[in-house]
Amino acid sequence: MMFDKDTPQAPAPRNRTGKVERTCAAGYVRVAAVTQTNPQRDLRAQRAQVRAKAKAEGLRLVGIIEDAGASAHDLHRPGLARLFTLLDDATIKAVIVLDLARLARDPNHLQRLLSRFAANGVVLITIDGL
């Protein structure tokens, strides 16, 4: 399922060079099926892209949280719960994901997640755009 480009998302604060202001960020990676040919390759690739994006944006990456074998249709994922802990503790101010489908496939679920990010002053940075 593709998400509409009009999905509300808080813009990342940017400095004069156009990069997101240096702050702490967490990455989030997910694959739905652990029975894929090599799900670790997909996770490894996502982790590498998250690290590269953090570096390009001048962000300090505090960690990359993963959910292997977790559906994006379920908001009760262990990795997502760990991400919420970082949000609630104000440990991070940015979350980096490959694309919106890593977080949620249902637009209503995505809206709930984006609202929670915004309520905590956390911006979402996608690597592959909206």
Side-chain angles (χ1 to χ4, degrees):
M1 172 186 288
M2 296 297 294
F3 289 99
D4 189 306
K5 290 187 185 272
D6 294 327
T7 300
Q9 179 177 349
R14 303 213 175 245
N15 62 23
R16 287 182 293 200
T17 65
K19 292 184 177 178
V20 173
E21 291 179 7
R22 181 151 175 80
T23 191
C24 292
Y28 179 79
V29 299
R30 181 191 62 76
V31 292
V34 293
T35 58
Q36 293 172 340
T37 306
N38 190 348
Q40 284 304 315
R41 182 180 310 159
D42 288 340
L43 288 172
R44 189 172 29 238
Q46 287 181 53
R47 285 191 296 266
Q49 289 175 305
V50 165
R51 282 191 286 278
K53 184 65 170 179
K55 184 176 180 179
E57 293 287 347
L59 298 169
R60 187 170 72 83
L61 194 60
V62 298
I64 299 175
I65 299 166
E66 71 179 52
D67 273 317
S71 170
H73 293 285
D74 180 6
L75 291 182
H76 302 285
R77 302 181 294 243
L80 202 53
R82 287 191 297 280
L83 184 63
F84 289 155
T85 298
L86 293 176
L87 292 175
D88 295 340
D89 292 345
T91 302
I92 58 171
K93 289 298 174 189
V95 174
I96 304 170
V97 296
L98 179 65
D99 55 43
L100 295 176
R102 298 309 94 206
L103 290 172
R105 296 228 180 239
D106 179 292
N108 293 322
H109 288 169
L110 181 61
Q111 180 58 51
R112 287 175 50 197
L113 293 173
L114 293 176
S115 293
R116 186 155 182 188
F117 289 175
N120 284 286
V122 172
V123 296
L124 176 64
I125 300 169
T126 58
I127 297 167
D128 283 350
L130 294 177

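Being a predicted model, the structure only gives us computed values, none of them experimental.
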Look up atom [atom1] in [X] and atom [atom2] in [Y], then write down how far apart they are to the nearest 0.5 Å.
X      : Y      : atom1 : atom2 : answer
Arg102 : Asp99  : CZ    : CG    : 4.5 Å
His73  : His76  : NE2   : NE2   : 14.5 Å
Leu124 : Thr126 : CG    : OG1   : 6.0 Å
Leu103 : Leu113 : CG    : CG    : 6.0 Å

Considering non-hydrogen atoms only, spot the tightest contact between [X] and [Y] and give its length.
X      : Y      : answer
Leu80  : Leu75  : CD2-O, 3.6 Å
Ala70  : Asp67  : CB-CB, 3.7 Å
Asp106 : Asn108 : OD1-N, 2.7 Å
Ile92  : Ala25  : CG2-C, 3.8 Å
Arg116 : Phe84  : NH1-CD1, 3.3 Å
Lys93  : Gly121 : CD-O, 3.5 Å

Just wondering, do [Y] and [X] contact through their side chains at under 4.5 Å, heavy atoms?
X      : Y     : answer
Ile127 : Val50 : yes
Ile64  : Gln46 : no
Glu66  : Arg47 : yes

Notebook entry, point to check: Which of these passes side-chain contact (heavy atoms from CB on, under 4.5 Å) with Ile96: Glu57, Gln49, Lys53?
Noted result: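 With Ile96 as partner, side-chain contact (heavy atoms from CB on, under 4.5 Å) holds for just one option, Lys53.
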
Note to self: Closer than 3.5 angstrom, by distance alone: can the side chain of Asp42 be matched with the main-chain N or O of Ala45 as a donor-acceptor pair?
What the structure shows: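 No, Asp42 side chain to Ala45 backbone: no donor-acceptor pair under 3.5 Å.
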
Next item on the list: Tell me, please, which residues at least two apart from Arg30 pass salt bridge (Lys or Arg N to Asp or Glu O under 4.0 Å).
Entry: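 Checked Arg30 against salt bridge (Lys or Arg N to Asp or Glu O under 4.0 Å); zero matches.
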
Check: Can you list the residues that meet the side-chain contact (heavy atoms from CB on, under 4.5 Å) rule with Thr85, with sequence neighbours excluded?
Finding: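 Checked Thr85 against side-chain contact (heavy atoms from CB on, under 4.5 Å); matches are Asp89.
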
Check: Heavy-atom count around Arg51 CZ within 6.0 Å, excluding the residue itself: above 12?
Finding: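 It does: Arg51 CZ has more than 12 such atoms within range.
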
